[in-house]
Enquirer: 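What follows is a structure written as structure tokens; I'll ask about it next.
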Amino acid sequence: MNFPRALLSVQAALLAGLLFTTAAFSQDAARNFDYGDRSSSTLTTKAWAAYTGKDLVGVQAYTKMCFDLYEATAIQQQGSLSAPVPTTDKEAVFQQWALNDVGTCYFILGQALEGAGQPAPALAAYKTLVEKLAYAQCWDEKGWFWSPASAAKGRLKALEFEAAQD
């Protein structure tokens, strides 16, 4: 069977693209991640580092592990509260460790996905944070707590507005 040269070129290009994508995916899937002691704080710290390094696959791996191990506890902690723990009681805030770390991981994931041009999954991450883990708090190294859910609400509005414009 004789194929026109143009068709063979298109087929070759598609095959090369498929092989490249498969190889890249395989490298990411086979990549070994160091989860450390698998504590929620370690996973959150590693997710932040991956985000800072623009490593979306790393962010996804560390946040997924945090969700898998600690999301049920985080939701229980959220359910035990009627308001965020006052930030004047630093120790009480830190006692909500799973809530704080899982909530922060949802924020990190949303930021990473948004930065990678994936607004729909970013919206999903932000919505989960706002709807299920609204009382999560994150310690800033500058010496205060901030609310990942409050920050996510701002991003939700912006992304929903952008989606409505399309």
Side-chain angles (χ1 to χ4, degrees), residues 17 21 24-25 28-29 31 33-36 38-166:
T21 302
F25 177 77
D28 287 339
R31 190 168 143 194
F33 292 97
D34 175 9
Y35 296 108
R38 294 179 182 241
S39 69
S40 63
S41 61
T42 296
L43 295 168
T44 304
T45 299
K46 287 182 176 285
W48 271 125
Y51 171 71
T52 301
K54 299 186 185 313
D55 176 6
L56 178 60
V57 174
V59 168
Q60 291 171 319
Y62 295 122
T63 58
K64 181 182 182 321
M65 181 65 72
C66 189
F67 303 153
D68 289 349
L69 295 175
Y70 302 107
E71 187 165 8
T73 303
I75 290 170
Q76 287 176 337
Q77 289 178 345
Q78 170 76 25
S80 73
L81 301 172
S82 59
V85 176
T87 58
T88 53
D89 189 349
K90 191 175 176 180
E91 288 306 312
V93 175
F94 285 137
Q95 287 177 1
Q96 304 303 317
W97 56 272
L99 172 60
N100 297 334
D101 290 337
V102 172
T104 299
C105 278
Y106 270 109
F107 180 78
I108 296 166
L109 179 60
Q111 290 282 281
L113 290 165
E114 193 175 346
Q118 298 180 31
L123 269 168
Y126 292 142
K127 282 184 181 180
T128 299
L129 171 57
V130 169
E131 293 172 2
K132 293 185 178 181
L133 305 164
Y135 299 152
Q137 299 181 67
C138 182
W139 178 253
D140 189 293
E141 292 176 349
K142 295 176 186 165
W144 62 79
F145 290 101
W146 59 278
S147 168
S150 292
K153 283 179 188 176
R155 294 309 311 143
L156 272 172
K157 287 180 184 178
L159 289 171
E160 287 171 344
F161 179 77
E162 290 172 15
Q165 300 301 308
D166 291 337

Enquirer: Taking the side chain as C-beta and beyond, is there a heavy-atom pair between L69 and S40 under 4.5 Å?
Expert: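 Of all side-chain heavy-atom pairs linking S40 with L69, none is under 4.5 Å.
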Enquirer: Between F94 and F145, is the gap from one ring center to the other below 6.0 Å?
Expert: yes
Enquirer: Please report the closest heavy-atom contact between A50 and G58, naming both atoms and the distance.
Expert: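 Heavy atoms only, the tightest pair is CB-C, 3.8 Å.
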Enquirer: Output the distance between atom CD (Q96) and atom OG1 (T73), rounded to the nearest 0.5 Å.
Expert: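 Separation between the atoms: 11.0 Å.
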Enquirer: Please assess S41 against T44 for the test side chain to side chain donor-acceptor pair (under 3.5 Å), listing each intermediate value before the final yes or no.
Expert: CA-CA 5 Å; S41 61; T44 304; over 6 Å; no
Enquirer: Quick one: CG on L113 to CD1 on I108, what's the gap to the nearest 0.5 Å?
Expert: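 One gets 12.0 Å once the value is rounded to the nearest 0.5 Å.
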Enquirer: Sub-3.5 Å donor-acceptor pair from the side chain of K153 to the main-chain atoms of V130, do we have one?
Expert: no
Enquirer: Return the minimal non-hydrogen interatomic distance between A149 and A134, and the atom names on each side.
Expert: CB-O, 3.6 Å
Enquirer: Under the ring pair (Phe, Tyr, Trp, His ring centres under 6.0 Å) rule, collect the residues that match up with W48, sequence neighbours excluded.
Expert: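 Testing W48 for ring pair (Phe, Tyr, Trp, His ring centres under 6.0 Å), a comparison that skips the adjacent residues, returns none.
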Enquirer: Is the shortest heavy-atom distance from the side chain of E114 to the side chain of L123 under 4.5 Å?
Expert: no
Enquirer: Checking Y62 against T45 for the side-chain contact (heavy atoms from CB on, under 4.5 Å) test, could you report, in this order, the C-alpha distance in whole Å, the side-chain angles of both residues, the deciding distance, and whether it holds?
Expert: CA-CA 9 Å; Y62 295 122; T45 299; over 6 Å; no
Enquirer: Could you state the interatomic distance from NZ (K127) to CG (L159), rounded to the nearest 0.5 Å?
Expert: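 So the NZ of K127 and the CG of L159 are separated by 10.0 Å.
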Enquirer: Would a 4.5 Å heavy-atom cut-off, applied to side chains only, mark T128 and E71 as touching?
Expert: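 Yes, their side chains come closer than 4.5 Å.
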Enquirer: Apply side-chain contact (heavy atoms from CB on, under 4.5 Å) to residues R38 and M65 and explain how you reach the verdict.
Expert: CA-CA 8 Å; R38 294 179 182 241; M65 181 65 72; 3.2 Å; yes
Enquirer: Distance-only criterion, 3.5 Å: show the donor-acceptor pairs between side-chain atoms of residues 79-92 and protein atoms not counting sequence neighbours.
Expert:
unit_1	atom_1	unit_2	atom_2	d
S80	OG	Q77	O	2.7
D89	OD1	A92	N	3.2

Enquirer: Any idea which heavy atoms bring P148 and A136 closest together, and the distance?
Expert: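 Smallest interatomic distance, heavy atoms only, reads CD-O, 3.3 Å.
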Enquirer: If you look at every heavy atom in G36 and T42, which pair is closest and at what distance?
Expert: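 Minimum heavy-atom contact is CA-CG2, 4.2 Å.
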Enquirer: Going by heavy atoms in the side chains, are L133 and Y106 under 4.5 Å from each other?
Expert: yes
Enquirer: Within the distance-only criterion (no hydrogens, no angle test), does the side chain of N100 pair as donor or acceptor with the backbone N or O of Q137 below 3.5 angstrom?
Expert: yes
Enquirer: Just by distance, do the side chain of T63 and the backbone of V59 share a donor-acceptor pair under 3.5 Å?
Expert: yes
Enquirer: Roughly how far apart are Y70 OH and S39 OG, rounded to 0.5 Å?
Expert: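 Going from the OH atom of Y70 to the OG atom of S39 covers 6.0 Å.
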Enquirer: Quick check: do D34 and K46 have side-chain heavy atoms less than 4.5 Å from each other?
Expert: yes
Enquirer: Roughly how far apart are Y51 OH and Q60 CD, rounded to 0.5 Å?
Expert: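 The CD atom of Q60 is 14.0 Å from OH of Y51, to the nearest 0.5 Å.
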Enquirer: Taking the side chain as C-beta and beyond, is there a heavy-atom pair between F107 and W146 under 4.5 Å?
Expert: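 The answer is yes, as the side chains (C-beta and beyond) meet within the 4.5 Å cut-off.
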Enquirer: Using the ring pair (Phe, Tyr, Trp, His ring centres under 6.0 Å) criterion, which residues pair with Y126? Sequence neighbours excluded.
Expert: none
Enquirer: Just by distance, do the side chain of D101 and the backbone of L43 share a donor-acceptor pair under 3.5 Å?
Expert: no
